[in-house]
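First comes the structure, then the notes that go with it.
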Protein chains: 4
Amino acid sequence: MARMKMPDVQNHRVPDNYRLTRVGVTGVKKPVQVVRGGRTVTLMPTISLFVDLPAKQRGSHMSRNLEVVAELVDESVCRPQPSLEDLCATLSRGLLDKHGYATTAEVEMRADYFLEMKNPSGRKTIEGYHLLARAVAHRGARHLVRKSVGVEVVGMTVCPCAQETVRQFLSGEGRRVRRRGTEPPLLSHNQRNVTSVLIEVPEKYAVEADDLIRLVEASQSSPTREILKRPDEGRLVLFAHLNPKFVEDVVRDVLRNIVEKYQALPDEVAVTVRSEAQESIHKHNAVAERVTTLGELRRSRAGPGFDRKSCA
Amino acid sequence: MARMKMPDVQNHRVPDNYRLTRVGVTGVKKPVQVVRGGRTVTLMPTISLFVDLPAKQRGSHMSRNLEVVAELVDESVCRPQPSLEDLCATLSRGLLDKHGYATTAEVEMRADYFLEMKNPSGRKTIEGYHLLARAVAHRGARHLVRKSVGVEVVGMTVCPCAQETVRQFLSGEGRRVRRRGTEPPLLSHNQRNVTSVLIEVPEKYAVEADDLIRLVEASQSSPTREILKRPDEGRLVLFAHLNPKFVEDVVRDVLRNIVEKYQALPDEVAVTVRSEAQESIHKHNAVAERVTTLGELRRSRAGPGFDRKSCA
Amino acid sequence: MARMKMPDVQNHRVPDNYRLTRVGVTGVKKPVQVVRGGRTVTLMPTISLFVDLPAKQRGSHMSRNLEVVAELVDESVCRPQPSLEDLCATLSRGLLDKHGYATTAEVEMRADYFLEMKNPSGRKTIEGYHLLARAVAHRGARHLVRKSVGVEVVGMTVCPCAQETVRQFLSGEGRRVRRRGTEPPLLSHNQRNVTSVLIEVPEKYAVEADDLIRLVEASQSSPTREILKRPDEGRLVLFAHLNPKFVEDVVRDVLRNIVEKYQALPDEVAVTVRSEAQESIHKHNAVAERVTTLGELRRSRAGPGFDRKSCA
Amino acid sequence: MARMKMPDVQNHRVPDNYRLTRVGVTGVKKPVQVVRGGRTVTLMPTISLFVDLPAKQRGSHMSRNLEVVAELVDESVCRPQPSLEDLCATLSRGLLDKHGYATTAEVEMRADYFLEMKNPSGRKTIEGYHLLARAVAHRGARHLVRKSVGVEVVGMTVCPCAQETVRQFLSGEGRRVRRRGTEPPLLSHNQRNVTSVLIEVPEKYAVEADDLIRLVEASQSSPTREILKRPDEGRLVLFAHLNPKFVEDVVRDVLRNIVEKYQALPDEVAVTVRSEAQESIHKHNAVAERVTTLGELRRSRAGPGFDRKSCA
């Protein structure tokens with residue numbers, strides 16, 4: 001059977017058919033090795049891989065997508081890549097090499113990720129996050145690749161509006177009751193908040209996922225921590241209520257922090273920020289989102305935000 | 001072909017094989033008509049249907065499960081059933097009739113459900129819940145059927161522990177700071193809470209799902225409402241902070257309310273209560289659960305709970 | 001308290017901040033009445049509602065989104081809307097009216113839906129689908145609204161490539177073995193396929209969701225049916241194996257069927273088609289997608305596809 | 001603040017309240033080190049941890065659950081545990097130590113897992129699975145712990161019934177058409193199958209998850225493989241069609257293989273097997289399940305099954 005020529009149904013010429021925007025596989029899981037901060041880390045991303053399909057080709061050879069993944073994973077054992085987005089870039093180049101008919105290739109990853117953080121009392125804790133990564137390759141002399149790095153961070157938001165209403169209730173006749181130094185901030189509703197950032201990383205630049213995680217945590221009302229003994233819990237809750245934020249505030253503070261931190265990145269860098277609050281007072285969620293570029297953000301000089309230093 | 005006798009592979013005798021506990025289908029969706037409070041309501045439950053399989057039979061005729069559903073749905077257009085759990089009971093009897101080899105049949109449903117509730121200010125609002133229903137039939141003279149009715153309710157819990165810690169922080173030297181009448185309760189963390197109840201309904205008794213929903217809402221720190229204009233939001237948040245509850249408290253208050261409300265139900269009635277808090281200060285959830293009977297609950301006379309009258 | 005003026009934290013002026021692309025709510029569930037084919041149908045869509053937020057406004061008044069929904073639902077009891085996409089359009093106009101600062105509004109819905117179909121033997125069966133709907137409104141004299149209608153259909157695909165390989169294996173020396181009239185088609189792997197279409201509906205035109213469902217079912221290897229007694233099951237399986245299709249074929253056949261059926265629709269109409277196969281031979285899925293316009297499709301005259309008449 | 005005595009709200013005595021069956025946390029994620037086959041493997045399980053709560057205690061100190069996890073994870077870096085179920089056992093003992101009021105503790109884990117397998121042609125491939133693990137500890141002299149190991153395996157099933165019906169169609173007048181050596185098996189519908197096993201591991205015994213994975217793959221119609229070039233794909237599809245199986249057959253073959261392989265395990269060992277087929281011809285799934293003990297299985301001597309040697 002080894003000598004028998006297999007029919008290549010995918011290669012069947014179908015004259016005058018429709019080209020397809022994306023053809024590929026989703027839900028591929030693979031353990032990969034990535035070097036982060038000097039140490040090799042195992043990640044288990046869920047991967048999607050696509051190429052476009054020209055009008056004259058019936059099917060995409062999807063097993064080649066899996067071969068590209070398998071080769072890279074084998075290689076990563078010996079030569080770990082510096083980041084998930086670099087893995088995506090390498091895979092997208094590999095896809096163009098294997099699919100001669102394709103003009104673009106697209107690879108996306110999402111992986112559990114863990115960082116050592118600190119509780120309000122300074123105690124170490126391992127916290128869970130998600131890494132996001134993406135690369136799009138366009139066929140050319142050396143395949144132009146645009147890669148993006150992202151994170152998804154679970155934190156906490158305290159509603160500024162309900163806090164203000166409670167203040168109003170308390171003051172009785174509508175005068176503004178100001179908090180004195182010895183008093184705790186007023187109560188409000190607060191909830192789990194999921195905020196994600198995806199930012200382009202041009203060639204020769206590096207954007208660290210760990211930095212993005214810290215930047216997002218600093219933009220929520222408070223980070224969440226796994227172990228909170230009573231005093232820690234009290235401090236975190238107080239801290240969050242001193243930083244009440246709408247999802248709109250979270251997105252804008254992330255944008256402001258990105259503009260400030262990545263001053264070396266060029267104007268055309270794409271930035272997407274999304275914040276979703278799993279409202280404690282509603283059955284539905286609240287969402288705010290901005291899809292933009294660094295240049296656009298820089299041209300609209302934003303005023304001071306709702307930022308504060310640090311919870312820990 | 002109509003005359004041709006089809007082979008019945010499922011009926012193949014497999015001497016000395018293992019009997020199976022449950023064989024059937026899951027993820028069946030069907031619109032059904034149910035009469036609730038005088039009016040006919042359309043529900044779209046997701047349904048699972050199982051029978052057991054004796055050692056001598058190779059396969060269960062699963063298409064019969066779907067026929068039982070189809071017949072009942074056709075019938076329900078003309079003769080709507082009084083409840084989802086009655087539907088389950090009828091289906092479980094139908095399964096035993098169609099699967100002559102089975103000794104037990106089991107049907108489960110879960111459906112979106114909507115009730116008109118009130119905001120703190122008395123304004124009407126349509127709130128979403130889940131109905132749960134279940135029936136298990138045992139073959140016999142007229143098929144003994146045990147049916148259960150349940151609900152899943154999204155509400156809010158305020159943490160009593162963090163509130164107490166904040167009080168402690170505030171008081172300085174550890175003495176208990178008591179709230180005066182003019183002051184709002186102290187802040188805490190609060191979050192989305194999902195609490196479910198499943199309770200057996202013996203023959204000749206009726207347990208109303210609407211009552212269970214109200215009973216669960218009265219056991220959480222506060223219900224959630226879809227539309228909350230500012231004063232409503234403020235009142236609901238204040239109300240919840242006056243009723244701080246652990247998930248443990250929610251489960252116990254639901255149990256207490258059930259014991260009080262369903263005094264006519266016999267001791268052997270099975271009761272399951274589960275409460276899950278999507279913690280705002282953690283990335284994980286907190287859960288409390290009790291699987292018990294009314295008799296067991298009655299024998300352990302519980303003291304007063306954390307109940308209060310009503311939010312609306 | 002009724003007389004007290006509430007603080008409007010969302011209206012706080014934040015000079016020189018970033019504008020936001022989308023701010024709103026997701027996961028809203030509501031029962032709505034829609035008139036379809038003369039009869040009133042209850043649907044329970046999950047709804048998202050967004051507006052954009054200008055740089056000068058701190059927060060969006062999200063409770064207004066829910067008020068727009070509540071008002072429409074109340075109204076729909078008396079005056080059912082003709083379709084989900086018309087509901088979306090009305091809601092998006094309502095959002096612009098309530099959010100004076102917004103320039104665009106966006107509403108999306110997804111709902112379970114049921115249609116009476118036929119088995120291969122002609123027997124009636126209620127099959128489940130998903131309806132998709134969307135509307136985007138731009139502020140103007142009478143708010144330009146672009147609405148879209150869509151469906152998601154679960155069917156079956158048989159792999160053409162494996163079938164050809166089996167033919168090759170069988171023929172021994174590589175010659176093409178052709179199926180004779182009395183023989184069944186050769187075996188292959190086949191799997192659950194989920195295909196979705198979203199198509200724009202310009203003012204004064206109507207695209208029926210029921211038609212789209214039938215069009216997609218005719219583009220898969222075979223539709224799936226809930227009740228299949230043995231002869232029906234055999235016919236459906238044979239039928240599917242006579243229509244082997246890649247996900248690429250499914251997308252192209254849907255596109256071809258759309259071009260053919262909607263000749264009256266203008267060139268600028270946006271069309272998105274996506275087909276995902278939950279591969280039986282792999283743990284991952286295969287996907288094909290095309291994002292395009294009717295004009296683009298018309299200009300690339302596609303040849304004959306893999307279509308066939310009908311399974312039932 | 002370090003000196004200040006924090007109030008212990010959870011310890012509040014609530015005389016005469018209801019005891020709770022399970023109180024704890026779900027959705028905890030942590031990277032852990034496990035030694036498997038001589039090499040240290042990183043796993044990222046999702047963990048649930050529960051204890052029971054007596055009537056006299058208001059709340060469970062849930063942060064202790066997280067401390068138990070954190071300590072073990074820290075320790076596992078230096079001293080990797082031999083398996084996930086051993087981790088569960090150690091955690092359950094730790095829970096009893098930290099929660100003095102609890103009489104039982106329960107820990108569950110689920111983790112992505114990867115094994116090097118072979119394609120039909122012998123080519124190596126990394127395949128993804130899920131590991132399941134569980135331990136229940138009862139307070140006593142040295143805490144009696146019952147631990148269980150499990151796996152979830154995605155494979156493929158080919159329907160025996162549709163294959164037989166096609167044979168019947170083909171034979172015309174109802175006579176049995178037998179496959180000759182040169183002919184491929186007849187077509188049928190086939191689909192993604194998800195089968196899970198959970199089996200108790202008594203003290204001093206070891207059940208290898210890798211063995212369970214192989215045992216389940218040998219009980220499905222065929223395993224699934226990530227990379228299948230055309231001849232591999234053809235062979236796997238042919239192989240599966242020579243091993244048609246209902247979900248009932250899969251469960252019984254797993255049971256038979258377990259009885260055969262684990263002859264040294266005692267009779268009281270609990271065994272749960274579940275197989276779910278994501279039907280290609282239906283929108284719903286088919287499921288078979290058996291909850292039993294090794295003793296019960298041994299007493300019902302099962303006949304020969306539908307087993308075959310190996311696909312690769």
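Convention: sequence-line order gives letters A, B, ...; per-chain numbering from 1. Just so we're clear, the structure is a prediction, and the values are computed from it rather than from any experiment.
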Legend entry - Close approach to chain D in residues 61-69 of chain B, criterion heavy atom under 4.5 Å: Met62(B), Leu66(B)
Inset, instruction - Rounded to the nearest 0.5 Å, what's the gap from CG on Asp52(B) to CZ on Arg290(D)? Could you check? - result: 10.0 Å
Legend entry - chain D contact via Val259(B) - side chain, backbone, both or neither, heavy atoms under 4.5 Å: side chain
Inset, instruction - Select, from Ala277(B), Gly59(B), Ser48(B), the one with the greatest count of heavy-atom pairs under 4.5 Å involving chain D. - result: Gly59(B)
Inset, instruction - Please state whether the side chain, the backbone, both or neither of Glu276(D) comes within less than 4.5 Å of a heavy atom of chain B. - result: side chain
Inset, instruction - Heavy atoms only, distances under 4.5 angstrom: which of Thr292(D), Val273(D), Val291(D) has the most pairs with chain B? Name it, please. - result: Val291(D)
Legend entry - Distance, nearest 0.5 Å, that separates CG of Leu255(B) from CG of Asn17(D): 8.5 Å
Legend entry - chain B contact via Ser60(D) - side chain, backbone, both or neither, heavy atoms under 4.5 Å: both
Legend entry - Heavy-atom pairs under 4.5 Å with chain D, option from Leu297(B), Thr26(B), Val25(B) with the top count: Thr26(B)
Legend entry - Closest approach of Leu20(D) to Val251(B) (non-hydrogen atoms, all atoms of both residues): CD2-CG1, 3.6 Å
Legend entry - Proximal component of Glu279(B), with respect to chain D [non-hydrogen, under 4.5 Å]: neither
Legend entry - From CA spacing to verdict: side-chain contact (heavy atoms from CB on, under 4.5 Å), His284(D), Lys29(B): CA-CA 8 Å; His284(D) 58 259; Lys29(B) 274 204 173 183; over 6 Å; no
Inset, instruction - Let me know if Gln163(D) has heavy atoms under 4.5 Å from chain B in its side chain, its backbone, both or neither. - result: neither
Inset, instruction - State whether the side chain of Arg252(B) and the backbone N or O of Arg58(D) hold a donor-acceptor pair below 3.5 Å, judged by distance alone. - result: yes
Inset, instruction - Could you look at Val247(B) and say if it's the side chain, the backbone, both or neither that has a heavy atom under 4.5 Å from chain D? - result: side chain
